[in-house]
Amino acid sequence: MADRPDRRPRKPRTAQVVRTQRLTPHMQRVVLGGEGLDGFSADTCTDHYVKLLFAPEGVSYPEPFDVERIRAELPREQWPVTRTYTVRAWDPVHRELTLDFVIHGDEGLAGPWAANVRPGETVRFLGPGGAYTPDPDADWHLFAGDESALPAIARSLEALPADATAHAFIEVSGPEEEQKIDSGVEVVWLHRGDRPVGEALVEAVRALRFPEGRVHAFVHGEAHFVKELRRLLRVEREIAREDLSISGYWRLGHNEDGWQASKRDWNARIEAEQEGAPAA
């Protein structure tokens, strides 16, 4: 790892919407393509993500699109707004990038955009980033997440070898939100109903009879339940930090801008509290 992160400006890519599909009442798929994806790759991690760039309402940018120029010449409130989404699939042969969006009516920025975007429209984004892929040397795998983590969990399950041992828990609002995942692993779908986000996930993972051997775990979603599962896995189960991919993708009551601004401090505080906590 380099001593200092690379701070050079990243050049946005431009793609076009190829097609869209409503997967469930609250999940919309958007497939991107076009020459702007030449040289793009997202096949080394199963949690690859891109950061979509949205112009604030009423703002348009000159062509060619230049983030550095925009930030130099326009006030901050007119800069592009970013929203982060997991790469559900990348097809290098057909040069198609698939992203899935959680839809809550007119709430938010990216969800309403995905619900209404039409083929041919232009999309700009940064990335990909990513850090996780299932460890082939692990004895078994654990996956737990809400809708926001569903694309990464699905892609991870589909990447597992046929003989892998895995337990996967995905919480959604109800049975109508379940999806087909091309994997031999039996997914436990937890239906939230009126319960708090993640409550059913914490109960399910706590009740799981852990198999013998080293686990490699992927736990992501709303920050508060992730905090509870982190304590369970790190403190009570004493799973090594390097065997966990665990963080909050979002936080109840915060949009992505607010959450990203506070996420580093939140994670540092939680880690300090839990690393010093005695095991149950």
Side-chain angles (χ1 to χ4, degrees), residues 23-28 46-47 84-86 88 100-105 107-108 111 132 134 140-158 160 164-211 215-239 243-256 259 263 266-267 270 273-274 277 279-280:
L23 299 175
T24 70
H26 293 100
M27 188 74 80
Q28 177 84 353
T46 56
D47 71 340
T84 308
Y85 280 87
T86 301
R88 178 61 181 88
D100 291 348
F101 298 75
V102 180
I103 307 295
H104 294 294
E107 180 182 338
Y132 169 85
W140 66 285
H141 301 268
L142 172 65
F143 301 93
D146 59 18
E147 295 94 334
S148 67
L150 198 166
I153 292 176
R155 194 175 184 195
S156 299
L157 291 173
E158 291 170 354
L160 288 174
T165 299
H167 291 273
F169 302 92
I170 302 176
E171 182 184 292
V172 293
S173 59
E176 70 281 359
E177 294 300 322
E178 295 183 13
Q179 294 185 22
K180 169 66 176 167
I181 298 175
D182 188 15
S183 169
V185 175
E186 182 178 354
V187 175
V188 177
W189 293 95
L190 303 169
H191 302 149
R192 182 183 311 116
D194 295 328
R195 301 178 69 183
V197 176
E199 185 176 84
L201 274 171
V202 174
E203 289 180 357
V205 176
R206 184 173 291 280
L208 175 66
R209 182 174 180 179
F210 279 39
V215 61
H216 193 209
F218 183 87
V219 179
H220 292 271
E222 200 282 322
H224 290 87
F225 85 73
V226 170
K227 171 186 173 181
E228 296 303 314
L229 285 179
R230 187 186 188 284
R231 178 181 177 84
L232 170 63
L233 298 174
R234 281 288 293 131
V235 180
E236 299 179 30
R237 289 288 183 172
E238 299 182 328
I239 296 172
D243 288 333
L244 291 175
S245 173
I246 184 166
S247 72
Y249 276 168
W250 62 287
R251 184 179 175 188
L252 198 64
H254 294 66
N255 63 19
E256 181 167 340
W259 172 230
K263 184 176 181 179
W266 165 277
N267 287 338
I270 298 306
E273 291 173 357
Q274 295 185 350

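To the nearest 0.5 Å, atom CD1 of residue Ile170 and atom NE2 of residue His191 are 10.5 Å apart. Remark: Asp243 CG to His141 NE2 distance equals 10.5 Å, nearest 0.5 Å. Interatomic distance, OH of Tyr132 versus OG of Ser247, reported as 13.0 Å (0.5 Å rounding). To the nearest 0.5 angstrom, Phe225 atom CZ is 14.5 Å from Arg230 atom CZ. Note: Leu201 CG to Glu171 CD = 4.5 Å, rounded to the nearest 0.5 Å. With rounding to the nearest 0.5 Å, the separation of CG in Leu190 from OG in Ser173 is 12.0 Å.
With hydrogens and angles ignored, the 3.5 Å screen pairs a side-chain donor or acceptor of Glu222 with a backbone N or O of Leu252. Checked by atom type and distance alone, the side chain of Trp259 never pairs as donor or acceptor with a backbone atom of Ala223 at under 3.5 Å. Panel note: side chain Asp146, backbone Gly221; no donor-acceptor pair is recorded below 3.5 Å.
Counting all heavy atoms, side chain and backbone alike, Thr46 lies closest to Ser156 at OG1-OG, 2.7 Å. Considering all non-hydrogen atoms of both residues, His167 and Leu208 come closest at ND1-CD1, 3.6 Å. Between Val185 and Ala168, the closest heavy-atom pair is CG1-CB, 4.4 Å.
At a threshold of 4.5 Å between non-hydrogen side-chain atoms, the residues Glu158 and Arg88 count as touching. Inter-residue side-chain proximity for Leu150 and Asp100 is flagged as unmet; no heavy-atom pair is nearer than 4.5 Å. No side-chain heavy atom of Arg155 sits less than 4.5 Å from a side-chain heavy atom of Thr86.
If you run side-chain contact (heavy atoms from CB on, under 4.5 Å) between Phe169 and each of Val202, Val187, Leu142, Ile153, only Leu142 comes through. If you run ring-ring contact (aromatic ring centres under 6.0 Å, His included) between Tyr85 and each of Tyr249, Phe101, Trp250, only Phe101 comes through.
A salt bridge links Glu203 with Arg195: at least one charged nitrogen is closer than 4.0 Å to a carboxylate oxygen. Under a 4.0 Å N-O distance rule, the pair Glu177/Arg192 does not qualify as a salt bridge.
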**OP:** Check the pair Glu228, Arg206 against salt bridge (Lys or Arg N to Asp or Glu O under 4.0 Å), reporting the backbone distance first and the verdict last.
**Re:** CA-CA 10 Å; Glu228 296 303 314; Arg206 184 173 291 280; 5.8 Å; no
**OP:** Could you give me the CA-CA distance, side-chain angles and deciding distance for Gln179 and Thr24, then say whether side-chain hydrogen bond (donor to acceptor under 3.5 Å, both in side chains) is met?
**Re:** CA-CA 8 Å; Gln179 294 185 22; Thr24 70; 5.0 Å; no
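Around the CD atom of Glu186, the shell of radius 6.0 Å holds no more than 12 heavy atoms that belong to other residues, nucleotides or ligands.
Side chain to side chain, Ser148 and His220 fail the donor-acceptor criterion of an N or O pair below 3.5 Å.
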